[in-house]
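Heavy atoms only: backbone and side chains are in, while hydrogens, waters and symmetry mates are out. These numbers come from a predicted model, not from an experiment. Naming: A, B, ... by sequence-line order, numbering from 1 per chain.
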Amino acid sequence: MQVVNFWLFSGIAIISALLCITRRSPVVSAMWLVLTMFSIAALFVILGAQFIGAIQVLVYAGAIMVLFLFVIMLLNLGRGEPTDLPGRLGSLIMLGVGAVLAVELWAVTRIVPDGAIRLPAGTMESLVEQEGAVGAISDPLFRDYLVPFEITSVLLLAAVVGAVVLAKRRL
Amino acid sequence: MPAVQQGPELLGSALAVSAILFSLGVAGVLLRRNAIVVFMCIELMLNAVNLSFIALAQQLGREGHVFVLFVMAVAAAEAAVGLAIIMAIYRHKQTVNLDKVNLLSG
């Protein structure tokens, strides 16, 4: 069942990502990207990261995509431009990316993590049972990674100030 | 609810899906000329990397989940600043076509 669900949502994610990069209109692309984000959130849940899946829906499908649609609306870019999808050069690029993808697929499906660093089977599940799905993430986040977490807040503050400075016509 | 065992075969397929999504993002960045769509493709690539983090965290420990949170924070900051840049470019050039934004090419 787990495997069936995994491939179902993988298929949805890949097909909608393909549609996202081939649609002419940015609004339609954004809608397909939202579907991709939702399917990736489902994949996160299947892979045992329930909290990350919820955050994915909230942050990506909720906040970031609304920001994209808001900018598309603000700049009135609903119609696609005819020059957006190139022809001959485009197919060459696609060929190159496809070749790289084939090598990638060959490599990553053979990855087996080294036994010395791999956790014993079922460790993550028992951790989630002990501490809860959120506790299992927040414990390392607020203990071992507290300084990076605080630096993230500085980064977000800088981003807010930078966005205001860039987008404002005159300060 | 009994704990579901994740076999290594799901790890390999999750990494494969992640590679496919990342390549689709790369193809989008290379092919599209609309700056907003290029931006969305970058978000797609970040998501693909998140997927591989989560898949590997199954076997290598929960630090992968923490890194995904950091990637999401950086992605949010990048989206805000990037869209502000796109708006500034549009105000200046009246277009978001990247072929027409060639101020630095002399």
In terms of heavy-atom pairs under 4.5 Å, which option from [options] contacts chain A the most?
{"options": "B:A84, B:A57, B:A76, B:A55", "answer": "B:A84"}
{"options": "B:N50, B:L98, B:L56, B:I86", "answer": "B:N50"}
{"options": "B:G61, B:G64, B:A73", "answer": "B:G61"}
{"options": "B:A27, B:C41, B:S52, B:G82", "answer": "B:A27"}

Is a side-chain N or O of [X] found less than 3.5 angstrom from the main chain of [Y], in a donor-acceptor match?
{"X": "B:S23", "Y": "B:A19", "value": "yes"}
{"X": "B:S18", "Y": "B:A48", "value": "yes"}
{"X": "A:D144", "Y": "A:P140", "value": "no"}

Counting only non-hydrogen atoms closer than 4.5 Å, does [X] touch chain B with its backbone (N, CA, C, O), its side chain (CB onward), both, or neither?
{"X": "A:L67", "answer": "both"}
{"X": "A:I137", "answer": "both"}
{"X": "A:F6", "answer": "side chain"}
{"X": "A:F149", "answer": "both"}
{"X": "A:A30", "answer": "both"}
{"X": "A:L101", "answer": "both"}

Output the option from [options] having the highest count of non-hydrogen pairs under 4.5 Å with chain B.
{"options": "A:L75, A:L74, A:V59", "value": "A:L75"}
{"options": "A:G96, A:S153, A:A136", "value": "A:A136"}
{"options": "A:D139, A:I40, A:V160, A:I52", "value": "A:I52"}
{"options": "A:I14, A:L156, A:L43, A:T152", "value": "A:I14"}

Among side-chain atoms of A:Q56 and B:N47, is any donor-acceptor pair under 3.5 angstrom?
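A:Q56 vs B:N47: donor-acceptor pair found between side chains.
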Considering only heavy atoms, which portion of [X] lies under 4.5 Å from any heavy atom of chain A: side chain, backbone, both, or neither?
{"X": "B:F67", "value": "side chain"}
{"X": "B:L24", "value": "both"}
{"X": "B:R91", "value": "side chain"}
{"X": "B:V38", "value": "neither"}

Is there a chain of hydrophobic side chains (I, L, V, M, F, W, Y, each step under 4.5 Å between heavy atoms) that links A:V66 to A:L35?
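Different clusters: A:V66 never reaches A:L35 through Ile, Leu, Val, Met, Phe, Trp or Tyr contacts under 4.5 Å.
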Are A:V100 and A:I21 connected in the hydrophobic side-chain network, where two residues link if heavy atoms are under 4.5 Å apart?
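No, no single cluster joins them.
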Please say which of A:V165, A:V161, A:L166 ends up in a side chain to side chain contact (heavy atoms under 4.5 Å, CB included) with B:V81.
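Among A:V165, A:V161, A:L166, the one that satisfies the side chain to side chain contact (heavy atoms under 4.5 Å, CB included) with B:V81 is A:L166.
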Could you point out which residue of A:S29, A:S25, A:P26 forms a side chain to side chain contact (heavy atoms under 4.5 Å, CB included) with B:N34?
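Looking at A:S29, A:S25, A:P26, the match for B:N34 under the side chain to side chain contact (heavy atoms under 4.5 Å, CB included) is A:P26.
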Give me the atom names and distance for the closest heavy-atom approach of A:Q2 to A:I46.
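Of all heavy-atom pairs spanning A:Q2 and A:I46, the closest is NE2-O, 3.2 Å.
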Closest heavy-atom contact between B:A75 and B:L46?
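Answer, listing the atom of B:A75 first, then B:L46: CB-CD1, 3.6 Å.
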Do B:I42 and B:E78 come close enough that some side-chain heavy atom pair is under 4.5 Å?
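Yes, side chains in contact.
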